[in-house]
Amino acid sequence: MAGRVSAIPFTIVAHVLAIAAAIMVLVWCIHFRGGLAWEATNKSLIFNLHPVLMLIGFIILGGEAIISYKALPFSKEVKKLIHLTLHAFALILGIIGIYTAFKYHNESSIVNLYSLHSWIGIVVICLYGIQWIFGFVLFFYPGGSPGLRAESLPWHVLFGLLVYVLALATATLGFLEKLTFLESSGLAKYGHEAFLVNFTALVTIIFGVFVVITAVSPGTVEEEFSYSSI
């Protein structure tokens, strides 16, 4: 273990980046895009819920769930419950976020599921749900045997990180797709809004990098080599 860098500094950077990304997407959707609404004659306000819910609800909460084991000074059992709960909220908000995109398309007479962003997005939300159910059943309730949990944990962690990386890629595609549409409609390519969208995507990617680094960085001996049921 000597010479290995602790995960704690990476968690701090991740928290700061999460706050920055959340502020940036809210500024974009509220200040530049006109606000947020569930029902509106201006259907773009409905769509604005999509990037906010997907970034803050799905990417950020999902990332915080991943690093909760390394970031929080609680017992392993408490951190496991926090991990599960944050992922549940991330999944719920992600589903609502995807619904708002369908709602916007349907009310604006736009076809659904025509882009790579939407295709991968549906796959990611399904994989995320499968991963959560698997974790709940095996590690929480009813819980598998100690041997099965020990054998499954590395695969659970690996699959979770792969799904999260796919989610980050999907978010990046979403920012690119929306900005391309806006620029095709006359948005200045070097204007303030275009720069804000690009930097929001960049901060999101860097946040994801620190989430992954945190997840693979060493924690305590208990965290690294054991995993008990609640």
Side-chain angles (χ1 to χ4, degrees), residues 7 10-11 14 18 50 53-72 74-99 101-102 113 116-174 204-205 207-230:
F10 299 119
T11 67
H50 177 69
L53 289 172
M54 299 312 294
L55 180 56
I56 298 177
F58 195 58
I59 298 296
I60 292 179
L61 278 186
E64 292 290 341
I66 291 173
I67 67 176
S68 59
Y69 275 105
K70 306 291 179 67
L72 300 174
F74 305 129
S75 68
K76 185 174 59 179
E77 288 73 20
V78 172
K79 288 189 286 187
K80 184 191 299 186
L81 183 58
I82 293 172
H83 174 81
L84 185 73
T85 302
L86 286 176
H87 272 312
F89 279 115
L91 181 60
I92 292 169
L93 292 175
I95 292 171
I96 297 173
I98 289 177
Y99 174 78
F102 278 94
L113 300 175
L116 182 62
H117 167 68
S118 60
W119 295 353
I120 299 178
I122 294 297
V123 171
V124 167
I125 202 75
C126 291
L127 292 177
Y128 201 102
I130 293 170
Q131 171 78 346
W132 188 88
I133 293 171
F134 176 83
F136 182 89
V137 171
L138 187 60
F139 298 113
F140 188 77
Y141 183 82
S145 66
L148 180 60
R149 291 199 307 270
E151 291 179 2
S152 302
L153 181 58
W155 295 104
H156 178 66
V157 173
L158 177 61
F159 186 74
L161 289 177
L162 288 175
V163 172
Y164 189 69
V165 169
L166 278 175
L168 290 168
T170 307
T172 304
L173 283 173
T204 301
I205 293 169
F207 167 71
V209 169
F210 274 90
V211 167
V212 174
I213 292 175
T214 298
V216 301
S217 297
T220 65
V221 173
E222 181 188 37
E223 286 169 345
E224 288 192 83
F225 299 104
S226 67
Y227 200 94
S228 62
S229 62
I230 295 177

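Within the model, atoms CG of L55 and OG1 of T204 stand 4.5 Å from one another, a figure rounded to the nearest 0.5 Å. S118 OG to F102 CZ: the interatomic distance, rounded to the nearest 0.5 Å, is 7.5 Å. Taken to the nearest 0.5 Å, the CG atom of L72 stands 7.0 Å off from the NZ atom of K79. Atom CG in L91 sits 11.0 Å away from atom CD in Q131 (nearest 0.5 Å). The distance from atom CD1 of I82 to atom CD of E77, rounded to the nearest 0.5 Å, is 11.5 Å.
H87 is linked by a ring pair (Phe, Tyr, Trp, His ring centres under 6.0 Å) to H83, Y128, counting only residues two or more places apart in sequence or in another chain. Here Y99 pairs with W38 under the ring pair (Phe, Tyr, Trp, His ring centres under 6.0 Å) rule; sequence neighbours left out. F136 pairs by the ring pair (Phe, Tyr, Trp, His ring centres under 6.0 Å) definition with W132, F140, not counting sequence neighbours.
The backbone N or O of G144 sits less than 3.5 Å from a side-chain atom of R149, completing a donor-acceptor pair. Proximity of a side-chain donor or acceptor of K70 to a complementary backbone N or O of T214 within less than 3.5 Å is detected.
Shown here is F89, whose CZ atom has no more than 12 heavy atoms of other residues, nucleotides or ligands within 6.0 Å.
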Test side chain to side chain contact (heavy atoms under 4.5 Å, CB included) applied to F159 and L127, step by step: CA-CA 9 Å; F159 186 74; L127 292 177; 3.9 Å; yes
Working for side chain to side chain contact (heavy atoms under 4.5 Å, CB included), residues I122 and I98: CA-CA 8 Å; I122 294 297; I98 289 177; 4.1 Å; yes
CA sep, side-chain torsions, deciding dist, call: L162, L166, side chain to side chain contact (heavy atoms under 4.5 Å, CB included): CA-CA 6 Å; L162 288 175; L166 278 175; 5.8 Å; no
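Side-chain atoms of F139 and L153, non-hydrogen and from C-beta on, do get closer than 4.5 Å to each other. With contacts defined as side-chain heavy-atom distances shorter than 4.5 Å, the pair L168/I59 qualifies.
Between I60 and A18, the closest heavy-atom pair is CD1-O, 3.3 Å. Residues A65 and L86 approach most closely at CB-CB, 3.5 Å, considering heavy atoms. Across every non-hydrogen atom of A215 and I66, the tightest pair is CB-CG2, 3.9 Å. The nearest pair of heavy atoms linking H50 to A101 is ND1-CB, 3.7 Å. For the residue pair A90 and L61, the shortest heavy atom distance occurs at CB-CB, 4.0 Å.
Between Y164 and F207, the two ring planes are perpendicular [angle over 60°; tilted spans 30° to 60°].
Of the listed residues (I95, T170, I125, L93), just one forms a side-chain contact (heavy atoms from CB on, under 4.5 Å) with F58, and that residue is I125.
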